[in-house]
Amino acid sequence: MQAAWLLGALLVPHLLSFGHGARGHGKEWEGVWGGALEEERDRESLMLKNLQEALGLPTGVGNKDNLAENSEGKEVWEATETQGEEEEEETTTTPSSSPTPFPSPSPTSEDTVTYILGRLASLDAGLHQLHIRLHVLDTRVVELTQGLRRLRDAASDTRDSVQALKEVQVRSEQEHGRLEGCLKGLRLGHKCFLLSRDFETQAAAQARCKARGGSLAQPADRQQMDALSRYLRAALAPYNWPVWLGVHDRRSEGLYLFENGQRVSFFAWHRALSPESGAQPSAASHPLSPDQPNGGILENCVAQASDDGSWWDHDYLS
C-alpha cells in the first residue's frame, strides 16, 4: 500500500511537469504555425492579385487587410482556404465560358469604294484574259480556215487531175478502138468496120462503139453496103445473125436517119418472093418472112441480116 502510494506520488509531479512542458511546447508550436499561416496567406494573396490582374478582374479582393483576423489561426486559414477555392472555381469556370465577340467596325464609304474598285480591277483582268483567249481562238480559226481553203484547192486540183486523166483514158480507148477496128476489121476508104460478137441492145451497142471511138455502121452508098455484106457473111457463116446498123426512124416514123443525123439515101429492105413470079427461091431467100419494114412505131431500129445483107426493122431493146 505504501509502495503504491509512493509510486503515485512520484508519477503526479512528473505528469504535472509533462503537462506544463506540453503546454509550453504547444504555445511555441502555435507561434510557429501562425507564422507559417501568415506567410501562406501572403503568398495566396499575391497569387490571387496576379491572377486578377491577368484576368482583368478588380483587385483588392482577397487581401489580407480585408480578412478578419481571429485569435485562432485555424478559422482564418479555413476562411482563406474557402475563399481561395471559390476564386479557383471562378478562375476555372471563366475560361470555359464563351468569349464575348468584339463588335466589328462598320465599313466606311472609303472602304466601300476601295472594295468596288478592287472588284472592278479583278473583272477587268478577267476580261483581259478572255480577250487574249479570244484572240488566240481567232488566230487558230484563221489558220484552220486557211488550211481548209488549201485542202479545198488541193482537192479541186486533184479533181481536175482525175477528170483530165479520165479524158485521157477515154481518148486512149477511142484511139485504141479505131486502131483495132482498122487492123482487125474491114477498111473501106477512110472508114473501118469491126464486128463485135456480143449480144446487146441497139442503145448498148451504140454506146460501146462510141466508147471505142466509132459508131454503129453507117454505109454511105451501095458499094460500102455490098462490101459490108460480104464481110458479115464471111465472119458469121454458116449462121444468120442480125447485126445492128446506125440507122433509125425514132425522130419521125418513116424518116430514116444515120446516127450522125444525115438522111439515108438508099435502102436494102428485105422483100418476100412473090409466088406469081414463078422464080425458084434461092438458099438465101426467106419465103415466110413479110416485107420490111413492118413494125411501124414499135420497131424503129434497123439490123442487117448476115446471110444476104437485107435490112430488117427491130425494136431498139431487142
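Scope of the values below: all heavy atoms of this structure, side chains included, with no hydrogens, waters or symmetry mates. Everything quoted here is computed from the prediction, not taken from an experiment.
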When you group the ILVMFWY residues by side-chain heavy-atom contacts below 4.5 Å and let the links chain together, are V302 and V264 in the same group? yes
Who pairs with R208 by salt bridge (Lys or Arg N to Asp or Glu O under 4.0 Å), at least two apart in sequence or on another chain? D198, E200
Could you list the residues that satisfy salt bridge (Lys or Arg N to Asp or Glu O under 4.0 Å) with R149, not counting sequence neighbours? none
Between side-chain atoms of residues 170-179 and protein atoms elsewhere (two or more places apart, or another chain), which donor-acceptor pairs fall under 3.5 Å?
{"unit_1": "S172", "atom_1": "OG", "unit_2": "V168", "atom_2": "O", "d": "2.7"}
{"unit_1": "E173", "atom_1": "OE2", "unit_2": "Q169", "atom_2": "NE2", "d": "3.4"}
{"unit_1": "E175", "atom_1": "OE1", "unit_2": "R178", "atom_2": "NH2", "d": "2.9"}
{"unit_1": "R178", "atom_1": "NH1", "unit_2": "G213", "atom_2": "O", "d": "3.4"}

Carefully, step by step, assess D111 and T108 under the rule side-chain hydrogen bond (donor to acceptor under 3.5 Å, both in side chains). CA-CA 5 Å; D111 295 337; T108 61; 3.2 Å; yes
Looking at every heavy atom in both Y239 and S306, which two are closest together, and how far apart are they? O-OG, 3.3 Å
Going from CH2 on W241 to CG on L232, what distance comes out if it is rounded to the nearest 0.5 angstrom? 14.0 Å
Quick check for you: to the nearest 0.5 Å, what is the distance between M225 atom CE and L245 atom CG? 6.0 Å
Donor-acceptor contacts, no H, no angles, side chain residues 113-131, under 3.5 Å, sequence neighbours left out:
{"unit_1": "T114", "atom_1": "OG1", "unit_2": "E110", "atom_2": "O", "d": "2.7"}
{"unit_1": "S122", "atom_1": "OG", "unit_2": "G118", "atom_2": "O", "d": "3.4"}
{"unit_1": "S122", "atom_1": "OG", "unit_2": "R119", "atom_2": "O", "d": "2.6"}

Disulfide bond (SG atoms under 2.5 Å apart) partners of C192, counting only residues at least two apart: C182
Output yes when a side-chain donor or acceptor of R271 lies under 3.5 Å from a complementary backbone atom of Q292, and no otherwise. yes
Would you say that L216 contacts Q202 through its side chain, given a criterion of any heavy-atom pair below 4.5 Å between the two side chains? yes
Counting only heavy atoms not in L148, do more than 12 sit closer than 6.0 Å to its CG atom? yes
Under a 4.5 Å side-chain heavy-atom rule over Ile, Leu, Val, Met, Phe, Trp and Tyr, are F266 and L228 clustered together? yes
Rounded to the nearest 0.5 Å, how far does CZ of F258 lie from NE2 of H248? 10.0 Å
Any side-chain heavy-atom pair of L236 and V243 under 4.5 Å: yes
Just say parallel, tilted or perpendicular for the rings of W269 and F267, cut-offs at 30° and 60°. parallel
What's the spacing between N300 CG and L255 CG if we round to 0.5 Å? 11.5 Å
Please check this pair: side chain of Y231 against backbone of L195, looking for a donor-acceptor N/O pair closer than 3.5 Å. yes
Between I297 and V247, is there shared hydrophobic-cluster membership here, with clusters defined by ILVMFWY side-chain heavy atoms closer than 4.5 Å? no
Not counting sequence neighbours, list each pair that qualifies as a salt bridge (Lys or Arg N to Asp or Glu O under 4.0 Å) and has a residue in residues 241-258. R250-E259
If only atom types and distance count, is the side chain of S310 paired as donor or acceptor with the main-chain N or O of A305 below 3.5 Å? no
Side chain Q206, main chain G246, donor-acceptor under 3.5 Å: no
Just checking K210: does its NZ atom have more than 12 heavy atoms from other residues, nucleotides or ligands closer to it than 6.0 angstrom? no
Any donor-acceptor N or O pair under 3.5 Å, side chains D153, S156: no
To the nearest 0.5 Å, what is the distance between CZ (R150) and CD (Q146)? 6.0 Å
On a heavy-atom basis, which atom in H314 and which in P242 lie closest, and how many Å separate them? NE2-CB, 4.5 Å
Work out which heavy atom in S265 is nearest to a heavy atom in A220; give both atom names and the distance. OG-O, 4.0 Å
Please report the interatomic distance CD1(I132) to CG(L137), rounded to the nearest 0.5 Å. 12.0 Å
Would a hydrophobic clustering, with Ile, Leu, Val, Met, Phe, Trp and Tyr connected at side-chain separations under 4.5 Å, put F199 with L194? yes
What pair of heavy atoms forms the shortest contact from D315 to W244, and how long is it? O-CH2, 3.4 Å
Has the side chain of N240 got a donor or acceptor atom that lies under 3.5 Å from a matching backbone atom of D307? yes
Just wondering, do P293 and E299 contact through their side chains at under 4.5 Å, heavy atoms? no
